[in-house]
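Quick notes on the structure that follows.
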Amino acid sequence: MLHRLRAGRSSRDESPVTHVERVAARTGRTAPWPEWVPAALREAYGFEPWEHQATAAAYAHSGHNVVIATGTASGKSLAYQMPALSRLLNDPRATVLYLSPTKALAADQLRAVARLDLDGVRPATYDGDTQREEREWIREHSRFVLTNPDMLHHALLPAHAKWAVFLRRLSYVVIDECHTYRGVFGSHVSHVLRRLRRLAAQYGGNPTFVLASATSGDPAGAASRLTGLPVTAVTEDASPRGAVTFALWEPPLVPHEDPDLPPTRRSALSETADLLTDAVVSGTRTLAFVRSRRGAEVVASMTHRSLDEAVPGLGKRVAAYRAGYLREDRRAIERALLSGELLALASTNALELGVDLVGLDAVLICGYPGTRASLWQQAGRAGRAGGEALAVLIARDDPLDTYLVHHPEALFGRPVEATVFDPTNPYVLGPQLCSAASEAPLRPADLDLFGGEPARLAVEALTASGALRKRPSGWYWTHQGRPDVDLRGTGGGPIAVVERSTGRLLGTVDEGSSHVMLHTGAVYLHQGVTYVVDNLDLDDAVALVHPANPDWSTHARDVTDLSVVAIRERVDAGPVSLFVGDVDVTNQVVSYQRRRIATGEIIDTRPLNLPTRQLRTVAVWFTITPDALLKAGVEPPDIPGALHAAEHAAIGLLPLMATCDRWDIGGLSTANHQDTESPTVFVYDGHPGGAGFAERAYATATAWLSATREAIASCTCETGCPSCVQSPKCGNGNNPLDKPKAVHVLDTVLTHLPPRH
């Protein structure tokens, strides 16, 4: 398969493949059906379980909370279906609640359970797409309800009195793909689950929790932190697996149109589109994962165009898939892929999770997805029928991607990351306690459930501010409406994208991304059609667009200011100091560039008038004295560019240490910060209250900054490029940057920092 995908590329001087990892096939080990599984369920499945499925199911059946953390396509579904469905068949009064992070995954699980055709189970999805008349039927009759944390928070828990019978009889709570609950989203979900436990107990329910996760570091610890309960982990995968060929692919350098300028690296999007085209022509069923919504649209459009040029009409066998599509569009694409009508798909990580995509031959991963857990989850989409599979990681021109394709040991043979989130984040804990109080008064005993001392301090602050009122029986929510809580930290409700001439709703974009994606003049892609934004109205939450076919793309630019609020910890190392603490970040998108699509040439820069955004978060930062920089050969005029380059590369490499990607974090560097009075580099979490990433960076600073230094020093460019110190999200247009002096800065920091950091 790899040979077929490389067909037609023999004319290149060098192979784009930097490394090929071959994962051997594995035979499976089955276990007998447990005696407690009803005959009807055994017959419905028609096969014996794998050992890990039976082990996890036995823990759950005996009332032990369990997390099964095994590879993609290892059959984790059976591990929770076995005890849950057995209970429903044996006890006609019992109920089960299933939670998944996406609607697509819940819909897929509904199909799987419905196919078993078990009497009396009555499975049903309860999400934002569920019609109002269906919801009452589900509350009264469904015994296996499939939903998501958002719906649990916004609809089910606030209406708990209507769900009283369901909650009283709740025997199992299944939390699928629990490794996705990280950062601020994970912190919120951990409290939503505690609210669920509290209300179930209020009605007499005491469910067992069964969690399913991709392979991850410390799954038992993460699952316990998520649920607030002791959890046992099952991690040994006994399922069979076909051989996997995993290639690392670096797009080639291409000559610049101006012979006096150095060559540039071909974009990962173009390379992915070419490989996807080759795959379709050769009949290889392929899924291409692309980091951004726009990128998925671009890859699908380029592939569609290339296929139609090769074989007219073949382009209709490829499509894009991403969040923000309307429900009917998503379902139609899913059906077409499952039926084989579509041979290839360019998707965001919306299809990373366990949707059953039978018969895929290959997966293309356009850009490192941010964590090794996601990388293997995406790669595992191929070869689900047990046949040989191909996965290709196509590197973006980015410090981390470049580092990884030349350091395969950082990907293969290393454990995946532990899931990072912080339930004590005050920006999460306060609103969640208010939500809990609005559902039922908070009792003093409840505070241990929500974290103990941090919860007590938060309740005191909420009482002082008037959000809660203390009575002898507990704390009460004081307002008429419910607390406004955004679980996913996207910064507000979605912005509707509407075609001006027809009034047709094209899709939605979260408010947090709208300043960059939907500003006036922005180019917006939707299902292969290009639109230009006429107007973004944040008050009415709508962006009006018109179809167009410009030969330019748009790139937003912003300005950031940062002030230190409090220092939590510090390391004094002579002329170098390392800190972690709370900061205030002010950000504003102030303009955008129009660039020629063909050449990247900047046409012009246009101003924007968008509101500023305030963020209280957590940062890690280091300072260096001017004298130490001078001794390292960094003259005063060089300091801004040296620090700026080090900041960009440090942001790019942090995902090696924490479960984040560069879009989760931000940075700032300055030759003399007003709070530190020294040359300083800040890296901060891009979420209110922090997401745990900066703390992880502080704890692993030596390893993190060593990898950053190597990534810069080993890059073959002379003055800096996207592979080392240029950033795709820089608000200053990647100016100034001083690559050689950034190495001197990092050498100085690493020389003085103690090894434990």
Next item on the list: Using the test ring pair (Phe, Tyr, Trp, His ring centres under 6.0 Å), find all partners of His407 that sit at least two apart in sequence or belong to another chain.
Entry: Tyr403
Check: In terms of side-chain geometry, is the basic nitrogen of Asp604 or Arg606 positioned less than 4.0 Å from the acidic oxygen of its partner?
Finding: yes
Check: If you round to the nearest 0.5 Å, how far is CE of Met151 from NZ of Lys103?
Finding: 8.5 Å
Check: Are side-chain N/O atoms of Arg22 and Thr245 paired as donor and acceptor at under 3.5 Å?
Finding: yes
Checklist line | Short N-O contact, Arg266 and Asp274, less than 4.0 angstrom | finding: yes
Checklist line | Validation row: Glu341, Lys316 side chains within 4.5 angstrom (heavy atoms) | finding: no
Notebook entry, point to check: Would you call Asp361 and Arg285 a salt bridge, using N to O less than 4.0 angstrom?
Noted result: no
Next item on the list: Could you tell me whether Arg26 and Asp237 make a salt bridge, using a distance below 4.0 angstrom between a side-chain N and a carboxylate O?
Entry: yes
Notebook entry, point to check: Do any pairs count as a salt bridge (charged side-chain N to carboxylate O under 4.0 Å, His left out) and have a residue in residues 513-522, sequence neighbours left out, and if so which ones?
Noted result: none
Item checked: Residues Asp664 and Arg182 bridged, charged N to O under 4.0 Å -> yes
Notebook entry, point to check: Does a side chain donor of either Thr303 or Ser306 reach within less than 3.5 Å of an acceptor in the other side chain?
Noted result: no
Notebook entry, point to check: Are a donor atom and an acceptor atom from the side chains of Thr402 and Ser723 found within less than 3.5 Å of each other?
Noted result: yes
Next item on the list: Give the ring-plane orientation class for Tyr531 versus Tyr524, where under 30° counts as parallel, over 60° as perpendicular and anything between as tilted.
Entry: tilted
Check: Is there a side-chain contact between Ser347 and Val290, using heavy atoms and a 4.5 Å cut-off?
Finding: no
Margin query: Under a 3.5 Å threshold, yes or no: a donor from one side chain and an acceptor from the other, between Thr284 and Ser282?
Written below: yes
Notebook entry, point to check: More than 12 foreign heavy atoms under 6.0 Å from CD of Glu134: is that the case here?
Noted result: yes
Checklist line | Side chain proximity check, Tyr80 to Asp176, heavy atoms < 4.5 angstrom | finding: yes
Notebook entry, point to check: Does the pair Gln109 and Ser77 meet the rule for a side-chain hydrogen bond (donor to acceptor under 3.5 Å, both in side chains), with working shown?
Noted result: CA-CA 8 Å; Gln109 284 297 305; Ser77 299; 3.1 Å; yes
Next item on the list: Identify which one of Asp537, Thr508, Leu518 satisfies the side chain to side chain contact (heavy atoms under 4.5 Å, CB included) criterion when paired with Ile495.
Entry: Leu518
Checklist line | Any Val363 side-chain heavy atom under 4.5 Å of Phe289 side chain | finding: yes
Next item on the list: Run through Val184, Asp150, Asn148 and flag the one making a side chain to side chain contact (heavy atoms under 4.5 Å, CB included) with Leu487.
Entry: Asp150
Next item on the list: Check whether any side-chain heavy atom of His19 lies under 4.5 Å from a side-chain heavy atom of Leu411, and answer yes or no.
Entry: no
Next item on the list: Decide whether Thr502 and Glu499 meet the rule of one side-chain donor and one side-chain acceptor closer than 3.5 Å.
Entry: yes
